[in-house]
Asker: 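Got a structure for you, questions after.
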2 protein chains.
Amino acid sequence: MSILIKNAKLNEIEQDIFIQGKYIKKIAPNIDWEADTIIDGTGMAALPSLMNGHSHAAMNLLRGYADDMALMDWLQNKIWPLEAKLTENDVYWGSKLAFLEMIKSGTTFFNDMYWHFHGTARAAEEMGLRGVVAAALIDNFQKKDMQAAKILVQKLLEESGKYSSRIQYAVAPHAIYTVSKDTLIWLRDFAKEHNLLIHTHLSETQNEVEQSLQKFGKRPVEYLHDLGLLGPNLVVAHAIWLDERELELLAENNVKIVHTPASNMKLCSGIMPLPKILEMNILTCLGTDGTSSNNNLDIIEEMKIASLLHKVNSRDPQQANAQQVFQLATLNAAKIFAIPAGEIAVGKLADLILVNLDAVSLVPGFNLISDIVYSANGSCVDTTICDGKVLMQNRHVEGEEEIIANARKVANDLVKR
Amino acid sequence: MSILIKNAKLNEIEQDIFIQGKYIKKIAPNIDWEADTIIDGTGMAALPSLMNGHSHAAMNLLRGYADDMALMDWLQNKIWPLEAKLTENDVYWGSKLAFLEMIKSGTTFFNDMYWHFHGTARAAEEMGLRGVVAAALIDNFQKKDMQAAKILVQKLLEESGKYSSRIQYAVAPHAIYTVSKDTLIWLRDFAKEHNLLIHTHLSETQNEVEQSLQKFGKRPVEYLHDLGLLGPNLVVAHAIWLDERELELLAENNVKIVHTPASNMKLCSGIMPLPKILEMNILTCLGTDGTSSNNNLDIIEEMKIASLLHKVNSRDPQQANAQQVFQLATLNAAKIFAIPAGEIAVGKLADLILVNLDAVSLVPGFNLISDIVYSANGSCVDTTICDGKVLMQNRHVEGEEEIIANARKVANDLVKR
């Protein structure tokens, strides 16, 4: 399988891009090689596709179901009761809807944490996306649930082998306030043994820190450090309430951070110290969180929100500039998840998008990255390619009508159940 | 001229909307009146169109030209030098581009402040939008410029009569740091005599307040109060740095405020105290500011940014809820500018949009207003109607390709001039 993209704007000039299998094989003006598929990129710019470092894809089913509430009230009284009723089929259609939304806004990679692993993995496999699908874990400090969690994690590791190389397996203890010390330690060793990422929520609210101090006598990062969890395979979402010592621990142990500004603002969780974290060279990317706290999966919008938030919060308009936040959403995520993508270059994976330069928000077009970050939204993406396959062209994704109809039906059934 | 919209979702049920001339004549299921134009609203929701309370339309030419800079550095070294070179033809094409962008994101009203009045007024007239086009004024405290300003304001008042009733004339002293006391007083009387709105920038930066204290011995609002400028016809943009006494003065004098969160965040101007202002019942709407400090004109995006900013800033997730910010962008603006619109009701102006409920960000669709505010962006708008005329249908605006090509050319010529 090969694709030849003709005359797309790349690094300020019109070039052709030749994709062979999953990889970018050649970039040059006027490539005359034969290809199975030819895409006319005239009037479009080629950019690396976006990467979403923290999602709960199936929560697309719950979008708009409950808003304008505080995190714990929202979780305990609205989200968790509905989630308890979810079936694998629900998760499958919720995930299909999420992945459709990602493709339509130029995202081809996600790092997901949710229940009913196979619902999400199967949806991603079918939709052609690349992602880390984790077995989410909550044991609520109950012995019975600890045992069940371990069995599930082992079972899913084996079963995850049936998916393509695009789907990576990980473990995801929900948070230190929902997962016991014993389970965390067991997961640490299990992840090490099988070379897996550990994906967790960390220090999302001030209350979480207070509870940690009360319960464990230490702050969340110190607690995880003492349990031996901090390491290069740990990916933490949110990371808002951190003191100096905790930041140092994260940096020293090469822990990765996913910044989710829209969700943090909407739930009033707080503001992650992004400028400080970047200054300390802690590898950080962007994530949307689930759509019931965002409420979309548009990483192009997330870049703008990230930049604006940190500018006004730091009182420094040079903070979180367009180039920096674009890198968070592309190259940084590629580094964090060890994927040879996040830039358009020979030898890299063909995970890329074509954006329509005649989209009104990209005109007149003085600075493409600034226009993408500050002016555009996901609808400027015309073509989305992942793993050398065209997932969207001319804004159409195969089967999108069916996905929308089924997801809507499943969501409406769920709230009546 | 009449339009019949069939089967659009309005207030949770499918209804028909009959438009006669500029006005909404009837709303009911199954209207069987004959109409010149019939629009199939199946799968779409009808909403009032959005209103933009503070724009510099022609600045669309400068989008992406200079970003990540502080307000004064940005104005003095990047924006003002280019603006000095602008011709009326440039302003015309920049405004056409802006109005195209507004139509494509569901906005049909704007309140604009810029140079070369006729460039903007003519563009709005042609594009079919409703707007307040103001004669912007800067005299830099120079006698010569004061005289010229007065002559211009009088001349434009007469000339503005040639436009349709959609185009309203106003005066716009740029700010208290660029316009003299004499000119402000003269404008106050001129506006009163001719029943005009006064549109100005107010207390955008902390530095502006400091300068006011140094130069006038009082804070900006007190200064305007002492000059007799505060009144129901005064519309102030930004209104960030206000003390208690100033807020009271604005409330007592029924001054109107336009909140521009994206621009204020991007330029690090500060955070307007929206919750306090709403609590004091000061009439407030939303604005985008110009695209070189936003960098788009999408009021749907602006609603989300407003809500998220005030939630995280107040630490209260119930602040700036979806319904409230939607009202800022519709009914509040209609009240401020005395336009019988901002809601879909019999007897109101036919300024409305149809949004595509199959847009992926509006699925599953539990709460339309929440979905519009938190999840959607301007691209969910399928049809835009203003003053009883269809400006966009199926996302196509007549002549959009020509506008984009000409605006791009004019912008590129401008920076080389």
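Quick caveat, the model's predicted, so the values are computed rather than measured. Proteins get letters first, then strands, A, B, ... in listed order; numbering begins at 1 in each.
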Asker: Judged by atom type as modelled, is there a donor-acceptor pair below 3.5 Å linking the side chain of A/R63 to the main-chain atoms of B/V363?
Answerer: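 Present.
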Asker: Which atoms of B/N321 are under 4.5 Å from chain A, going by heavy atoms: the side chain, the backbone, both sets, or neither?
Answerer: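 It is both, since atoms from each part get that close.
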Asker: Quick one: which of A/N264, A/L61, A/L100 has the most heavy-atom pairs under 4.5 Å with chain B, could you say?
Answerer: A/L61
Asker: Can you see whether A/S361 engages B/N296 through a side-chain donor-acceptor pair at a distance of less than 3.5 angstrom?
Answerer: no
Asker: Could you tell me whether the side chain of B/K266 and the main chain of A/K304 form a donor-acceptor pair under 3.5 Å?
Answerer: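 Pair absent, no side-chain N/O of B/K266 close to backbone of A/K304.
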Asker: Examine whether an atom of B/D358 lies under 4.5 Å from a heavy atom of chain A, and if so say whether it belongs to the side chain, the backbone or both; otherwise answer neither.
Answerer: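 Both the backbone and the side chain of B/D358 come within 4.5 Å of chain A.
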Asker: Just checking A/K85: does its NZ atom have more than 12 heavy atoms from other residues, nucleotides or ligands closer to it than 6.0 angstrom?
Answerer: yes
Asker: Is chain A contacted by the side chain of B/V415, its backbone, both, or neither, given a heavy-atom distance below 4.5 Å?
Answerer: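 For B/V415, the contact with chain A is made by the side chain alone.
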Asker: Can you say whether A/I404 sits under 4.5 Å from chain B via the side chain, the backbone, both, or neither, judging by heavy atoms?
Answerer: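 Contact with chain B: backbone and side chain both.
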Asker: Contact part of A/D316 toward chain B, heavy-atom cut-off under 4.5 Å: side chain, backbone, both or neither?
Answerer: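 Contact with chain B: backbone only.
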Asker: Do A/D68 and B/Y374 have side chains that get closer than 4.5 Å, going by heavy atoms?
Answerer: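 Yes - at least one pair of side-chain heavy atoms lies under 4.5 Å apart.
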Asker: Is it the backbone or the side chain of B/E301 that comes under 4.5 Å from a heavy atom of chain A, or both, or neither?
Answerer: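 Looking at B/E301, just its side chain touches chain A.
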Asker: Measure distances from B/D298 to the heavy atoms of chain A and classify the residue's part below 4.5 Å as side chain, backbone, both or neither.
Answerer: side chain
Asker: Which atoms of B/N313 come close to chain A, meaning under 4.5 Å heavy atom to heavy atom: side chain ones, backbone ones, both, or neither?
Answerer: neither
Asker: Where does A/A262 contact chain B at under 4.5 Å (heavy atoms): side chain, backbone, both or neither?
Answerer: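 Contact with chain B: backbone and side chain both.
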Asker: Of all of A/S269, A/P364, A/C380, A/P261, which one pairs up most often with chain B through heavy atoms under 4.5 Å apart?
Answerer: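 The answer is A/P364.
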